[in-house]
Amino acid sequence: MEKYSQFRDRGSGIAPFFPISPEPAGIYLPFYIFLFFFKLPFFFTVSAGYFLFLQWLPLGSLLKKAILWMILGIPGVWWIDLQIDGVKKGSLAKKHEGRVPIPSTIIASSFTSPIDSLYLAAIFDPIFTVSYPHTRQVESISLFGAMLRALSKPKEFPSKGAKLVDLKSLLAEHPQRAIVVFPECTTTNGRGILPFSPSLLTTPPGTKIFPISLRYTSADITTPIPGQYWSFIWNLLSHPTHCIRVRIAEVVYNTSRPADLEKKDQFLNNILDSLDEDSPVSGSSDTLTSLNEQDLAPEERRVLDKVGEALARLGRVKRVGLTLKDKSQFIEAWSKKKR
């Protein structure tokens, strides 16, 4: 692994992009194969039925959540270890008011697996978004799109023609829904927290931001490497059960001043619009990176640091300095190894 030493965090030695290998099956391999082929038709039927047909019908939030829980239950994702900051175990029903996400709040979630989005949808029925490192605006996507993002290559810049919006406008457009933000912009193996996109800084000052950490046992259903569809399905369906460790931190507020944010993002959009269609968008990365770094005021950094430190504490991991661009380089090196 010395070849990939550059993709370890210099301070901690953490490697957040390495895939986590499953434990050797040994004598249980025939049992795992049986479980996989037994669960596969049920999982495929219910998932395809929901995402192709049922999600478009006016079934109501409760029924849709029940179907999503069925999709989670078929692979055995039914052990949920939930803990909320400031609430003792056993007293959640009495003291949860104001400590869990509700409509018109922001969920800043860790991002390690397609199960992240599926679980959050089954609990909170939120709007999902995509964040990018060099803009404060986000792109609204569907649940299925959010799940695919966890299995896709990291994107440093939005696609040409993508509809970007700030969180304040998205909250006003969907007042009855919570908004999910994945501020790391790409998936990891759950062993570190990447630097954040500035997208959380467009949250209105009085709106609650809930940092939520999701971790899995076993951790082999995390997807730091894109395109690993079959290995993810195998790891998901071949085990009897999976446990999700859910931690919700105390509320964070955006205390930074939103001055000139619209002007800054309009400038960014002008840069993206002016790019030639035949040239790669990444060609403007130097310009956009310097713009992003200069735009972050000390108070804005403190807001992002509060959320990042909360996610790191909840997940019992450390924040790392590796970025989405580092992950893209790691994937390129990893792909060459596999050839």
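Residue numbers start at 1 and run along the sequence shown.
- Within 6.0 Å of the NZ atom in K168, the count of heavy atoms belonging to other residues, nucleotides or ligands does not exceed 12.
- A donor-acceptor pair under 3.5 Å is absent between the side-chain atoms of T135 and the main chain of Y132, judged by distance alone.
- The distance from the CG atom of L322 to the CG atom of D9 is 5.5 Å, given to the nearest 0.5 Å.
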Working for side chain to side chain donor-acceptor pair (under 3.5 Å), residues D116 and S113 | CA-CA 6 Å; D116 297 339; S113 171; 5.2 Å; no

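- With a 4.5 Å cut-off on side-chain heavy atoms, I209 and V181 do not count as touching.
- Under the 4.5 Å side-chain contact rule for hydrophobic residues, L314 and I106 do not share a cluster.
- Under the 4.5 Å side-chain heavy-atom criterion for ILVMFWY residues, a single connected hydrophobic cluster contains both M147 and Y119.
- Salt bridge present: R247 and D81 bring a charged side-chain N and a carboxylate O closer than 4.0 Å.
- Residues H242 and I221 have side chains in contact (heavy-atom distance under 4.5 Å, counting atoms from C-beta outward).
- Not counting sequence neighbours, S21 has no partner by the side-chain hydrogen bond (donor to acceptor under 3.5 Å, both in side chains) test.
- Annotation: side chain of Q228 is not in contact with side chain of P19 (no heavy-atom distance under 4.5 Å).
- Inter-residue side-chain proximity for T207 and N254 is flagged as unmet; no heavy-atom pair is nearer than 4.5 Å.
- To the nearest 0.5 angstrom, K208 atom NZ is 11.5 Å from S104 atom OG.
- The two atoms that bring F157 and H134 nearest to each other are CE2-CD2, 3.5 Å, heavy atoms only.
- Using a cut-off of 4.0 Å between Lys/Arg side-chain N and Asp/Glu carboxylate O, D85 and R313 are scored as salt-bridged.
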In sequence, state the C-alpha distance, the side-chain angles, and the governing distance for S218 and E23, and then conclude on side chain to side chain donor-acceptor pair (under 3.5 Å).
-> CA-CA 9 Å; S218 60; E23 296 182 3; over 6 Å; no

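- When every heavy atom of A108 is checked against every heavy atom of L311, the shortest pair comes out as O-CD2, 3.7 Å.
- In this structure, I74 is not a member of the same hydrophobic cluster as L52, with clusters built from ILVMFWY side-chain heavy atoms closer than 4.5 Å.
- The backbone N or O of A150 sits less than 3.5 Å from a side-chain atom of T223, completing a donor-acceptor pair.
- With hydrogens and angles disregarded, a donor-acceptor distance shorter than 3.5 Å links the side chain of R215 to the backbone of G315.
- For the residue pair T255/E299, the side-chain donor-acceptor check at 3.5 Å is satisfied.
- Annotation: cation-pi geometry not satisfied between R301 and F196 (NZ/CZ under 6.0 angstrom from ring centroid, within 45° of ring axis).
- Using a distance-only test at 3.5 Å, with no hydrogens or angles considered, a donor-acceptor pair links the side chain of S238 to the main chain of W234.
- When the shell of 6.0 Å around CZ of F144 is examined, it contains 12 or fewer heavy atoms from other residues, nucleotides or ligands.
- The line from CG of L236 to OH of Y216 is 10.0 Å long, rounded to the nearest 0.5 Å.
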Tell me which donor-acceptor pairs under 3.5 Å the side chains of residues 25-47 have, and how far apart each pair is, sequence neighbours excluded?
{"from": "K39", "atom 1": "NZ", "to": "P75", "atom 2": "O", "distance (Å)": "3.0"}
{"from": "K39", "atom 1": "NZ", "to": "H239", "atom 2": "O", "distance (Å)": "2.6"}
{"from": "T45", "atom 1": "OG1", "to": "P41", "atom 2": "O", "distance (Å)": "2.7"}
{"from": "S47", "atom 1": "OG", "to": "F43", "atom 2": "O", "distance (Å)": "2.7"}

Would K327 and T323 satisfy side chain to side chain donor-acceptor pair (under 3.5 Å), going step by step from the backbone distance to the final call?
-> CA-CA 6 Å; K327 180 176 176 178; T323 65; over 6 Å; no

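- D220 contributes no side-chain N or O that, together with a main-chain N or O of I20, makes up a donor-acceptor pair within less than 3.5 Å.
- A donor-acceptor pair under 3.5 Å is formed between the side chain of T129 and the backbone N or O of V180.
- A side-chain donor-acceptor contact under 3.5 Å links E300 to the backbone of A297.
- Taking CD1 of I123 as the reference point, atom CG of L72 lies at 8.5 Å (rounded to 0.5 Å).
- The shortest side-chain heavy-atom distance between R245 and R316 falls under the 4.5 Å cut-off.
- Within the 3.5 Å criterion, the main-chain N or O of L148 finds a donor-acceptor partner in the side chain of S152.
- One distance of note links CZ of F182 with CG of L194; it measures 13.5 Å at 0.5 Å rounding.
- Using a distance-only test at 3.5 Å, with no hydrogens or angles considered, a donor-acceptor pair links the side chain of S142 to the main chain of G145.
- Counting heavy atoms from C-beta on, the side chains of I212 and V246 come closer than 4.5 Å.
- Smallest separation of non-hydrogen atoms from E139 and L164: CB-CD2, 3.9 Å.
- When the side chains of ILVMFWY residues are joined at heavy-atom separations under 4.5 Å, either directly or via intervening members, L63 and L54 end up in a single hydrophobic cluster.
- Nearest heavy atom pair, residue S131 against residue V138, reads OG-CG1, 3.7 Å.
- T112 and T222 are not linked by any side-chain donor-acceptor pair at a separation below 3.5 angstrom, with hydrogens and angles left out of the test.
- Cluster annotation: Y50 and W78 are assigned to distinct hydrophobic clusters (Ile/Leu/Val/Met/Phe/Trp/Tyr, side-chain heavy-atom contacts under 4.5 Å, transitive).
- Screening residues 121-131 for salt bridge (charged side-chain N to carboxylate O under 4.0 Å, His left out) gives D125-R177 as the qualifying pairs, with residues at least two apart or on separate chains.
- Counting only distance, with no hydrogens or angles, the side chain of D166 and the backbone of Q137 share no donor-acceptor pair below 3.5 Å.
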So F51 and L143, side-chain contact (heavy atoms from CB on, under 4.5 Å) or not? Walk me through it.
-> CA-CA 9 Å; F51 288 111; L143 165 59; 3.8 Å; yes

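- Between P16 and R191 there is no side-chain heavy-atom pair separated by less than 4.5 Å.
- With respect to K318 and E309, no salt bridge is recorded, no charged nitrogen being found less than 4.0 Å from a carboxylate O.
- L68 contributes atom CG, which lies 5.5 Å from atom CG of L118 (distance to the nearest 0.5 angstrom).
- Between F7 and F330, the two ring planes are perpendicular [angle over 60°; tilted spans 30° to 60°].
- Side-chain contact between F17 and T187 is absent, with no heavy atoms from C-beta onward closer than 4.5 Å.
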